[in-house]
Protein chains: 2
Amino acid sequence: MAKSGPASTLRTGSTAGSAATRQALVDAAIEALKADGFSGASARAIAGRAGCNQGLVFYHFGSVANLLLAALDAVSADRLERYQASVEAAASPTELVDAAAAIFREDLEAGYVTVLVELIAGATATPGLGPEVAARIEPWKQFARDALDAALGDSPLASLVPSGDAAHGVVALYLGLELLSHLDGDRAPALALFDHARQLATLLQAVGTLPPATQAPA
Amino acid sequence: MAKSGPASTLRTGSTAGSAATRQALVDAAIEALKADGFSGASARAIAGRAGCNQGLVFYHFGSVANLLLAALDAVSADRLERYQASVEAAASPTELVDAAAAIFREDLEAGYVTVLVELIAGATATPGLGPEVAARIEPWKQFARDALDAALGDSPLASLVPSGDAAHGVVALYLGLELLSHLDGDRAPALALFDHARQLATLLQAVGTLPPATQAPA
DNA sequence: GTCTATACTTGGATAGAC
DNA sequence: GTCTATCCAAGTATAGAC
């Protein structure tokens with residue numbers, strides 16, 4: 001798959017318009033995916049949002065699918081960086097859940113995860129898109145895995161559920177919650193779940209910390 | 001929203017072709033959603049699968065969206081019945097997870113949940129589709145809630161997480177796992193998670209059953 | 001009442017203007 | 001090198017044939 005478009009003109013010399021147009025298209029693609037979903041993210045719709053001709057989509061990215069992948073890359077980079085900073089500061093499971101809840105709230109309100117969800121769901125339609133999207137989810141899974149390892153690496157829970165499997169579940173839950181929240185425009189149930197998760201984490205943390213004798217009374 | 005098409009001709013008298021065509025279209029719509037996703041489930045594509053003229057979609061259902069909702073109704077009815085029978089037989093949490101795992105495996109292989117996921121993700125594109133889809137998810141959530149209540153209604157876990165919120169999470173996880181499994185064609189991680197859930201359920205069941213004294217040694 | 005042929009709109013992609 | 005005008009395929013919907 002040779003990259004089409006002016007891939008060799010990434011230096012910001014010569015014509016300044018190119019990079020700006022690319023950026024505008026990427027931003028517009030993100031907005032289109034958030035507002036109208038995969039099937040609404042057409043070259044025309046995106047170019048309309050970006051305020052430029054739809055032919056530019058194909059000039060700069062070769063195809064609509066490639067532009068959407070570029071959009072996914074942009075949000076992924078943006079969000080992973082944000083996550084990294086926020087989660088690194090969390091030492092305990094409780095803090096981890098708190099950080100996750102805060103970020104999730106941010107994601108829901110900004111619609112970042114929508115971009116990912118729409119691309120996953122739409123991947124079936126475009127041949128070859130699936131593997132590309134799958135590869136871009138890998139960092140998220142790895143990140144979830146690292147966070148889980150750091151937070152409860154030595155707890156008894158970790159020996160029951162391998163962090164790789166747990167990370168898969170966490171990512172799946174994240175995507176599913178986004179799917180539901182976006183559907184009925186109500187993110188209260190998702191946030192409530194995080195609240196309960198926080199309580200459970202606190203509980204588990206206490207159980208792991210306290211001497212065995214104090215655990216018994218049910 | 002008045003139903004268009006021959007809604008009054010549901011009696012199987014007069015012309016037998018009508019009901020058959022409707023059924024063929026519904027089946028084809030399900031297949032199209034499973035294979036090509038929401039954006040691939042066009043009137044042309046569906047009619048092609050059903051072996052009939054694409055205009056029939058509009059005659060019988062009024063719009064593509066209505067046909068897709070009919071498809072969702074069909075799988076929902078089919079699956080909920082299956083779930084009900086399977087879960088009613090499960091008395092303990094372990095058995096419940098076992099039943100859920102068996103059904104989930106079935107769903108993944110048959111692609112039933114894909115229909116739901118694609119419609120949720122695609123709902124943003126078509127005005128008015130969202131609420132309709134949301135209403136059709138309600139029974140699934142209610143079902144999950146009932147199952148949770150029955151399985152661990154009196155356990156201490158139930159007092160920590162209200163079954164309504166937990167049900168929301170279960171449905172979200174279900175949808176997310178489907179999303180990921182469908183993406184990279186690998187359902188092993190999802191099945192592994194069910195395996196771990198089963199172990200956890202067995203553990204919790206044991207903890208709840210045994211006398212307090214035996215719980216201590218960590 | 002059931003279905004087909006046709007009208008019109010939007011989408012992906014490119015040849016060629018600047 | 002950057003962008004626009006244009007082409008053709010695919011989409012929704014309906015007027016009218018059977």
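Here is how names work: the chains are called A, B, and so on, in the same order as the sequence lines, proteins then strands, and each is numbered from 1.
For B/Tyr83, the side-chain hydrogen bond (donor to acceptor under 3.5 Å, both in side chains) test picks out B/Asp107, B/Tyr174, with sequence neighbours left out.
Defined by atom type and a distance below 3.5 Å, a donor-acceptor pair is missing between the side-chain atoms of A/Thr124 and B/Asp36.
One finds a salt bridge joining A/Arg82 and A/Glu106 here, because a Lys/Arg side-chain nitrogen approaches an Asp/Glu carboxylate oxygen to under 4.0 Å. The existence of a salt bridge linking A/Lys34 and A/Glu118 is excluded, since no basic side-chain nitrogen approaches an acidic carboxylate oxygen closer than 4.0 Å. With respect to B/Arg22 and B/Asp27, no salt bridge is recorded, no charged nitrogen being found less than 4.0 Å from a carboxylate O.
A close approach under 4.0 Å does not occur between any side-chain nitrogen or oxygen of B/His60 and OP1 or OP2 of C/dG1. Residue A/Ser18 has a polar side-chain atom (N or O) positioned under 4.0 Å from OP1 or OP2 of D/dT2.
A straight line from CZ of A/Phe61 to P of D/dC3 spans 12 Å, rounded to a whole angstrom.
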Do nucleotides 6-18 of chain D as a string where each nucleotide becomes B, S or -: B if the base has a protein heavy atom under 4.0 Å, S if just the sugar-phosphate does, - if no protein is that close. B---SBBBB----

